[in-house]
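Predicted, not measured: the structure shown is a model, and the values here were computed from it.
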Amino acid sequence: MLKVKTEALEFVSQTRCCGGTQFVCRHRSEVCDTDMTFAVFLPAEAENGPVPALWYLSGLTCTHENAMVKAGLQAHAAQAGIALVFPDTSPRGEAVADDEAYDLGQGAGFYVNATRPPWRDHYQMYDYITRELPALVRSALPIGAAQGVTGHSMGGHGALILAFRNPDLYRSVSAFAPIVNPTRSDWGRKQLSAYLGDDEAQWALYDACALLAERGWDRDILIDQGTDDQFIDLLRPEAMAKLLAERRQPGVLRMQKGYDHSYFFVASFAGEHVKWHAERLMAA
């Protein structure tokens, strides 16, 4: 039987899925000072002990539910014997600051630690994803220390910056249509200035291209980008492609002909990404 600890978590739902179990959980976040909801898929192997985990970070307007329902990752994770963790994209609640625009505020946390009012009281998503939630998940569920991270769009941005800043935490990183250079994009400059202020040196701490140029990454990287992505000019894949070549960085940015920005694109390559991560997590 699968053993879970319930003291720190409220289990909202528990559903049999692909031979494993899909959970939706809620908890009180001290970091974000509000209740947070996230999802976890555990493969059958988790009944026998801790398994590696792949974190999936979602994009603008999403919650934990979008990828859980639409990306089709569970079947691939079940075959590979790894867990999946789907965090929310921002803090939420009546007391949490928001904005009328879809690309700022709730649903648009950009995985940063905000330093400016009114956002700084709750928008501490960087610490939430890298510190608080992993500790909670590992204490309550049979998930081991080996973890990789991936994500889509804003979540692809999150996956890359989290890995580049924390190579001791993440053993593998990939992304689907990520915002790779937010300090040079309208999907980035608006949010970084709101959350962090006008000091662009602070923005660079949340820019995948700036981080890779400064810090490097001693493992390989997998990025998929659709050629028909309606947001491709905001994502700036050419900036990452140029940097990978200049640094002779192990990894690949694959331009996938005819694919757009939707979850049909993510689902089409989800299996390859899960397998890619599993090979690296199992070998660690």
Minimum heavy-atom distance between [X] and [Y], given as atom pair plus value:
| X | Y | result |
| --- | --- | --- |
| G226 | M255 | O-CE, 4.5 Å |
| R28 | E132 | O-OE2, 4.3 Å |
| M125 | N113 | N-OD1, 3.8 Å |
| M68 | Q74 | O-NE2, 2.8 Å |
| S172 | H277 | OG-ND1, 2.7 Å |
| F176 | T150 | CE1-OG1, 3.6 Å |

All pairs passing salt bridge (charged side-chain N to carboxylate O under 4.0 Å, His left out) where residues 105-122 contributes a residue, at least two apart: none
Summary of salt bridge (charged side-chain N to carboxylate O under 4.0 Å, His left out) pairs that have at least one residue in residues 103-112, sequence neighbours excluded: D103-K190
Roughly how far, to the nearest 0.5 Å, is [atom2] of [Y] from [atom1] of [X]?
| X | Y | atom1 | atom2 | result |
| --- | --- | --- | --- | --- |
| S90 | L60 | OG | CG | 10.0 Å |
| L234 | H261 | CG | NE2 | 9.0 Å |
| L42 | L84 | CG | CG | 9.0 Å |
| Q22 | F41 | CD | CZ | 7.0 Å |
| S185 | D207 | OG | CG | 9.5 Å |
| M240 | L235 | CE | CG | 11.5 Å |

Using modelled atom types only, decide if a donor and an acceptor are shared between the side chain of [X] and the backbone of [Y] within a distance under 3.5 Å.
| X | Y | answer |
| --- | --- | --- |
| W276 | V173 | no |
| Y263 | G72 | no |
| Y170 | W55 | no |
| T227 | G258 | yes |
| Q249 | G216 | no |
| D98 | Q106 | yes |
| Q147 | R171 | no |
| H122 | D33 | yes |
| Q124 | A114 | yes |
| Y195 | G105 | yes |

pair [X]-[Y]: side-chain heavy atoms closer than 4.5 Å:
| X | Y | answer |
| --- | --- | --- |
| S58 | H64 | no |
| R16 | T21 | yes |
| V180 | L212 | no |
| P250 | W217 | no |
| T34 | R92 | no |

M154 with L133, same ILVMFWY side-chain cluster at under 4.5 Å: yes
same_hphob_cluster(L54, V51) at 4.5 Å side-chain heavy-atom cutoff: no
Steps toward salt bridge (charged side-chain N to carboxylate O under 4.0 Å, His left out) verdict (D220, R280): CA-CA 10 Å; D220 52 350; R280 287 150 181 79; 2.7 Å; yes
Is the [X] ring parallel, tilted or perpendicular to the [Y] ring (thresholds 30°, 60°)?
| X | Y | result |
| --- | --- | --- |
| Y56 | F86 | tilted |
| F231 | W187 | tilted |
| H157 | F110 | tilted |

Q256 atom CD: more than 12 heavy-atom contacts under 6.0 Å: yes
ring-ring contact (aromatic ring centres under 6.0 Å, His included) evaluation trace for F269 with H152: CA-CA 12 Å; F269 300 99; H152 173 230; over 10 Å; no
